[in-house]
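Report on the following structure.
Just so we're clear, the structure is a prediction, and the values are computed from it rather than from any experiment. Each chain gets a letter, A, B and so on, in the order its sequence line appears, and its residues count up from 1.
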Amino acid sequence: MTPETLSRLQAAIAAKQPVALCTRLADGAQLLLPADAADNALADAAAAALVADKPTQHEGWFIHPHNPPMRLLIVGAVHAAQAMLPMASALGFATTVIDPRRAFATAERLPGVTISHDWPDDAMAALQPDTRSAIVTLTHDPKIDDPALDAALRSAAFYIGALGSKRTHAKRVERLREMGHDDAAIARIRAPIGLDIKALTAPEIGLSIMAEIIATRRGAALAQRG
Amino acid sequence: MSEDILATASTWRDAGEAVAIATVVETWGSSPRPAGSRFAVSSSGRMAGSVSGGCIEGAVAEAAAATMRDGAPQLLDFGISDETAWEVGLACGGKLKVFVERLG
């Protein structure tokens, strides 16, 4: 890899621009797509690899997509949220914590992540969650969680989870119905949140949630709810 | 990209070391790391990342020394059918191809 290719690749990664590093395996020649000129078939294969987020080969070229990190949007700067941060970072997520309660959402409690003190409906409107976003609500406070879930259900987020017992969730479902969401939409919400590992402590709850997010992302049977 | 092997490797290069990057480009069977997984090695023996569960990193580092010296990339085959060629195989029975290039 030439110094020029390396610095261009790192600049694209830093700018969160999707880029495919294409390497001709016979001689090591490299292209960065879509920026560089390439024949149509290779350009199409690179574009498809970026969408699929999966490396592939095309006529002797190895196509290695580099997409911006997946996003984790956590509503509620609570203890379990703190426990999730290092796990999420190690798992490749860029995390934003949303909590209008400034006493909870401090940089000291939440090092290394983006903090939003907006109300969740405003925060979600600004963040525009997409198919590479996971949304988790942890406050137990309907004033904060409900508008976040309302926005989450209208987004393409691949994972939506809400902390709270079955009873809490049943009441939440009623409120979301009144907000106009049908049962199929509401069924997207994982509640009680997380894989059932009998989590008790904040790190255990964080682990169960992160494990469920990965299981959902990878299409694992564990992620299916009866 | 949480495991930013490229960033780690480029700091070694900036510190004046020769560096090679190995990337899994194709796998068959039960290979432990998917295509795209990276392993970096430096002339002083620093290592980061992985291309297997630890089965072939030693052999890749040995082969990478030549690429660090002459800059010629290599495409290495590992797996059952290549055990005699490389004297290392994958206990899991998987097969993979690893592309080795010099960084910078």
Over all heavy atoms of both residues, which pair between Ala35(B) and Pro55(A) is shortest? Give the atoms and the distance, please.
-> O-CG, 3.2 Å
Which answer fits Leu21(A), side chain, backbone, both or neither, if we ask what part of it has an atom under 4.5 Å from a heavy atom of chain B?
-> side chain
Between CZ of Arg24(A) and CZ of Phe99(B), what distance do you get to the nearest 0.5 Å?
-> 10.5 Å
Measure distances from Leu75(B) to the heavy atoms of chain A and classify the residue's part below 4.5 Å as side chain, backbone, both or neither.
-> side chain
Can you find a heavy atom in the side chain of Lys54(A) that is under 4.5 Å from one in the side chain of Pro34(B)?
-> no
Under 4.5 Å heavy-atom distance to chain B, tell me which part of Thr5(A) shows up: side chain, backbone, both or neither.
-> neither
Does any non-hydrogen side-chain atom of Arg38(B) lie less than 4.5 Å from one of His64(A)?
-> yes
Passing option when Met1(A) is tested against Leu103(B), Ile21(B), Val19(B) for side chain to side chain contact (heavy atoms under 4.5 Å, CB included) | Leu103(B)
Got Leu6(A) and Arg13(B) here, is their nearest side-chain heavy-atom distance under 4.5 Å?
-> yes
Closest contact, heavy atoms only, Phe62(A) versus Gly36(B) = CZ-N, 3.8 Å
Answer with side chain, backbone, both or neither: which region of Ala7(B) has an atom nearer than 4.5 Å to a non-hydrogen atom of chain A?
-> both
Spacing of Glu26(B) atom CD and Thr56(A) atom OG1 [to the nearest 0.5 Å] | 9.0 Å
Would you say Glu101(B)'s side chain and Gly28(A)'s backbone share a donor-acceptor pair under 3.5 angstrom?
-> no
For Met68(B), look at atom CE and say whether over 12 heavy atoms of other residues, nucleotides or ligands are found less than 6.0 Å away.
-> yes
